[in-house]
Amino acid sequence: MLVSTSRAADLVPIVRVTVTDYHHIAHAMDVGACGIVVPLVESPAQIKRAISFACYPPLGTRGCAFGLSHDDIEQGDIVAKMRAANDSLLVIAQIQTVQGMSNLDEVVTVDGVDAIWVGQYDWSISMGNPGQFDHAEMKSA
């Protein structure tokens with residue numbers, strides 16, 4: 001409901017999906033999300049998979065249904081709609097663990113990743129140094 005309302009208000013709805021399963025990402029996209037925040041990204045393969053679920057073919061595996069909230073309930077050229085959705089998709093990879101941070105260089109180079117969000121509290125807990133942002137291990141990373 002909030003996603004379609006935000007689209008009607010000319011806002012850009014971004015959804016933080018709870019997990020990187022197809023049905024969670026596809027649902028967010030089908031109700032009209034223009035982008036996703038993918039939590040707990042730890043590898044390039046994981047974010048590639050999430051991007052695939054959010055993109056229409058040939059870039060991804062997202063299922064197709066049109067004339068719904070994600071395309072503002074408008075008719076039109078299906079191929080053009082798919083291309084526009086793929087081109088305008090915003091993907092934010094959320095790095096929250098030591099494993100994710102160790103793979104950061106590879107994650108940022110994945111085609112389709114637009115931004116990185118470091119969850120500093122989760123990351124510090126993952127290091128065993130909860131909330132110690134001045135800890136040498138965190139500073140060096």
Side-chain angles (χ1 to χ4, degrees), residues 1-135 137-141:
M1 177 73 170
L2 289 176
V3 171
S4 58
T5 303
S6 66
R7 288 175 66 94
D10 202 27
L11 299 172
V12 177
I14 308 298
V15 174
R16 183 185 187 273
V17 295
T18 54
V19 293
T20 56
D21 293 338
Y22 174 83
H23 62 281
H24 284 91
I25 293 172
H27 176 72
M29 301 309 299
D30 286 349
V31 298
C34 296
I36 55 174
V37 176
V38 181
L40 295 167
V41 173
E42 294 188 320
S43 72
Q46 182 186 8
I47 194 66
K48 284 178 187 177
R49 187 169 174 243
I51 292 168
S52 172
F53 295 159
C55 287
Y56 288 116
L59 300 179
T61 59
R62 178 179 173 187
C64 301
F66 298 96
L68 303 172
S69 59
H70 65 81
D71 61 359
D72 298 322
I73 311 174
E74 294 180 0
Q75 298 302 311
D77 181 336
I78 302 297
V79 173
K81 287 182 180 208
M82 291 169 55
R83 186 179 314 112
N86 286 347
D87 289 347
S88 64
L89 175 66
L90 174 71
V91 176
I92 301 169
Q94 196 169 8
I95 306 297
Q96 298 168 266
T97 65
V98 170
Q99 181 69 36
M101 192 56 78
S102 70
N103 289 324
L104 182 62
D105 289 341
E106 292 83 17
V107 169
V108 299
T109 63
V110 171
D111 190 33
V113 172
D114 298 296
I116 298 293
W117 178 343
V118 176
Q120 72 275 13
Y121 282 100
D122 291 320
W123 177 38
S124 70
I125 291 167
S126 174
M127 284 192 296
N129 305 310
Q132 297 178 30
F133 305 126
D134 60 347
H135 191 280
E137 194 176 358
M138 186 169 250
K139 283 183 173 182
S140 71

Supply the atom-to-atom distance [X] [atom1] to [Y] [atom2], rounded to the nearest 0.5 angstrom.
X: I25; Y: T18; atom1: CD1; atom2: OG1; answer: 9.0 Å
X: D122; Y: M127; atom1: CG; atom2: CE; answer: 11.5 Å
X: C64; Y: K81; atom1: SG; atom2: NZ; answer: 11.5 Å
X: I116; Y: I47; atom1: CD1; atom2: CD1; answer: 7.5 Å
X: I14; Y: L90; atom1: CD1; atom2: CG; answer: 4.5 Å
X: Q99; Y: S43; atom1: CD; atom2: OG; answer: 8.0 Å

Minimum heavy-atom distance between [X] and [Y], given as atom pair plus value:
X: A93; Y: V107; result: CB-CG1, 4.1 Å
X: I36; Y: A54; result: CD1-CB, 4.1 Å
X: D134; Y: K139; result: O-CE, 3.5 Å
X: W123; Y: V98; result: CD1-N, 3.9 Å
X: E42; Y: T97; result: OE2-OG1, 2.6 Å
X: L89; Y: C55; result: CD2-SG, 3.6 Å

Under 3.5 Å donor-acceptor, [X] side chain and [Y] backbone:
X: D114; Y: V91; answer: yes
X: N86; Y: Y56; answer: yes
X: D77; Y: A80; answer: yes
X: Q46; Y: L40; answer: yes

Exercise for the section: Kindly indicate, with the supporting measurements, whether the criterion side chain to side chain contact (heavy atoms under 4.5 Å, CB included) is fulfilled by N129 and E137. Expected result: CA-CA 9 Å; N129 305 310; E137 194 176 358; 3.4 Å; yes
Is there side-chain contact between [X] and [Y], with at least one heavy-atom pair below 4.5 Å?
X: V110; Y: E106; result: no
X: R62; Y: M29; result: yes
X: H24; Y: F53; result: no
X: Q96; Y: S126; result: no
X: P39; Y: V17; result: yes
X: Q94; Y: R16; result: yes

Exercise for the section: Count the heavy atoms belonging to other residues, nucleotides or ligands that lie under 6.0 Å from OH of Y121, then report whether that count exceeds 12. Expected result: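 Atom OH in Y121 is not packed in, count stays at 12 or less.
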Handout entry: Pair S124-H135, side chain to side chain contact (heavy atoms under 4.5 Å, CB included): steps then yes or no
Key = CA-CA 9 Å; S124 70; H135 191 280; over 6 Å; no
Handout entry: Candidate pair V113 and V108, rule side chain to side chain contact (heavy atoms under 4.5 Å, CB included), full reasoning
Key = CA-CA 6 Å; V113 172; V108 299; 5.6 Å; no
